[in-house]
Amino acid sequence: MAPILYDYCKIPMGDIPKEDGDKRCKLAVGILGLLVIVLLGVPLIFFIIKANSEACQDGLRAVMECRNVTYLLQQELAEAQRGFREAEAQAVTCNQTVMALMASLDAEKAQGRKKVEELEGEITTLNHKLQDASAEVERLRRGNQVLNVRIADTNSASPQDSSCAAEPPLLILLLGLGALLL
């Protein structure tokens, strides 16, 4: 296909004076430059008019507002994440404290059970000692009764002060009980 804007000289180039060719060349470059300026200027003017329109200005304001809101939301998100990390750290610390307290409580329970077992053993031992002491008291009481009967028999045979005769067996009884309890 042949070019649309085809500019050619109908006269041979040698016949055209050199000054005339320079003028034609300058004119062509000038026209071409003017055409480029017009072709670029018209869309530029159209763009400037569109860019300064109210709808474009509203869109620009909306973009700026969205950027501001986005920036604020990013700051709030960063703060919330910081708070979350701090809360997680506190939860970990609390869990460790709870675990330590539970271990301490278990140790205290074990120690308490051991102490209870020791006290139960001591109570059992003391109950046995009390039963033995009660049996000894009973035995001594019977022995005292027997002695009192003998003393009474002796006193009825010889009239002496009966209160003096009853004191030595009672003293022996009290000394025996004291020795058992120690």
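Quantities reported herein were computed from a predicted structural model and do not represent experimental measurements.
With rounding to the nearest 0.5 angstrom, the CZ atom of R150 is 13.0 Å from the CD atom of Q145. Distance CG/L73 to CG/N68: 11.0 Å, rounded to 0.5 Å. The CG atom of L32 lies 11.0 Å from the CG atom of L27; values are rounded to the nearest 0.5 Å.
Heavy atoms from other residues, nucleotides or ligands lying under 6.0 Å from CD of E138 number more than 12. Heavy atoms of other residues, nucleotides or ligands lying less than 6.0 angstrom from CD of Q81 number more than 12.
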(request) Step by step, work out the side-chain contact (heavy atoms from CB on, under 4.5 Å) result for L77 and Q74. (result) CA-CA 5 Å; L77 176 64; Q74 285 175 340; 5.6 Å; no
(request) Please test L130 against S134 for side-chain contact (heavy atoms from CB on, under 4.5 Å), starting from the C-alpha separation and ending with a verdict. (result) CA-CA 6 Å; L130 180 62; S134 294; 4.3 Å; yes
(message) The test is side-chain contact (heavy atoms from CB on, under 4.5 Å); show your working for N144 and L140 and say whether it passes.
(response) CA-CA 6 Å; N144 190 19; L140 290 174; over 6 Å; no
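For the side chain to side chain donor-acceptor pair (under 3.5 Å) condition, no pair includes a residue of residues 86-114, sequence neighbours left out.
When each of L40, V42, I48 is paired with L44, the side-chain contact (heavy atoms from CB on, under 4.5 Å) condition holds for I48 and for no other.
D58 and R61 are joined by a salt bridge, as a carboxylate oxygen and a charged side-chain nitrogen come within less than 4.0 angstrom of each other.
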